[in-house]
Amino acid sequence: GAVVSQHPSWVICKSGTSVKIECRSLDFQATTMFWYRQFPKQSLMLMATSNEGSKATYEQGVEKDKFLINHASLTLSTLTVTSAHPEDSSFYICSARTGGPYNEQFFGPGTRLTVL
Amino acid sequence: DAKTTQPPSMDCAEGRAANLPCNHSTISGNEYVYWYRQIHSQGPQYIIHGLKNNETNEMASLIITEDRKSSTLILPHATLRDTAVYYCIVSSNNDMRFGAGTRLTVKP
């Protein structure tokens with residue numbers, strides 16, 4: 001299957017700082033990428049849908065000014081958590097859609113963010 | 001609101017078939033049934049998907065009822081490495097929204 005990578009795999013930061021997470025589709029072009037958040041012992045929650053070259057579409061309740069998404073190329077989307085606080089500590093997962101006849105969606109390995 | 005209903009947990013003996021049910025009684029005609037699994041602290045892994053016909057691949061089989069209101073994922077010979085949370089998702093546009101899933105524990 002197609003490969004999606006995330007960087008970094010884990011990050012620890014101080015409260016009030018910003019953190020950028022990268023999501024890359026390694027062997028295919030992804031016109032659409034998705035960002036999810038997962039708290040301990042909970043399911044994945046869709047945060048936003050990112051389309052290459054256009055503004056991201058955020059789910060209800062997700063602050064677009066806090067979670068900045070940029071999808072500048074067909075293989076890269078970034079999520080920046082601005083002014084992070086301890087309650088933003090979570091597992092952030094991206095996915096990318098392959099397009100084509102099957103339009104499958106593949107997930108990255110996730111990034112664990114801890115805000116102190 | 002969840003579109004699917006799955007049992008919260010199931011156990012299976014190693015080497016036996018694991019049959020994971022999913023109810024999706026409000027599924028629309030253009031919605032596919034997808035199955036993913038998530039092993040602890042990893043990203044979800046695609047398993048299989050189908051529209052109305054039964055499907056099989058190297059990982060699993062998917063059985064969809066004729067009325068499409070429910071489906072069953074079958075892992076034919078479960079191993080300890082199949083211990084994971086299994087998610088059943090219905091979607092028409094590949095916008096995957098996850099429910100609570102079924103935590104499958106494969107026991108020796």
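Note on naming: letters A, B, ... go to the chains in the order of the sequence lines (proteins, then strands), and numbering restarts at 1 for each one.
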Counting heavy-atom pairs under 4.5 Å to chain B, which of A/Leu46, A/Leu44, A/Thr49, A/Ile93 comes out on top? A/Leu44

Could you tell me the separation between the CZ atom of B/Arg97 and the OH atom of A/Tyr36, rounded to the nearest 0.5 Å? 8.0 Å

Hydrophobic clusters here meaning ILVMFWY residues chained together by side-chain heavy-atom distances under 4.5 Å, can you tell me if A/Phe34 and B/Tyr34 are in one? yes

Return the minimal non-hydrogen interatomic distance between A/Ser43 and B/Phe98, and the atom names on each side. OG-CB, 3.2 Å

Roughly how far, to the nearest 0.5 Å, is CE of B/Met96 from CZ of A/Arg97? 8.5 Å

Connected via hydrophobic side-chain network under 4.5 Å: B/Trp35 and B/Ile27: yes

Atom NZ of A/Lys66 with >12 non-hydrogen neighbours under 6.0 angstrom: yes

To the closest 0.5 Å, what do you measure between CD (A/Gln105) and CD1 (B/Ile89)? 8.0 Å

Is it true that A/Phe107 and B/Tyr36 have ring centroids separated by less than 6.0 Å? yes

Residue part contacting chain A, namely of B/Gln38, when any heavy atom lies under 4.5 Å: side chain

Inspect the surroundings of CZ in B/Arg103 and state if more than 12 heavy atoms from other residues, nucleotides or ligands are less than 6.0 Å away. no

So if you build clusters from Ile, Leu, Val, Met, Phe, Trp, Tyr with side-chain heavy-atom gaps below 4.5 Å, do B/Ile64 and B/Val90 land together? yes

In one Ile/Leu/Val/Met/Phe/Trp/Tyr side-chain cluster, 4.5 Å: A/Met45, A/Leu113: yes

Given that the side chain runs from C-beta out, which part of B/Tyr87 has a heavy atom under 4.5 Å from chain A: side chain, backbone, both or neither? side chain

Would a single hydrophobic cluster contain both A/Val115 and A/Tyr92, if residues Ile, Leu, Val, Met, Phe, Trp and Tyr are joined by side-chain heavy-atom contacts under 4.5 Å? yes

Can you say whether A/Gln6 sits under 4.5 Å from chain B via the side chain, the backbone, both, or neither, judging by heavy atoms? neither

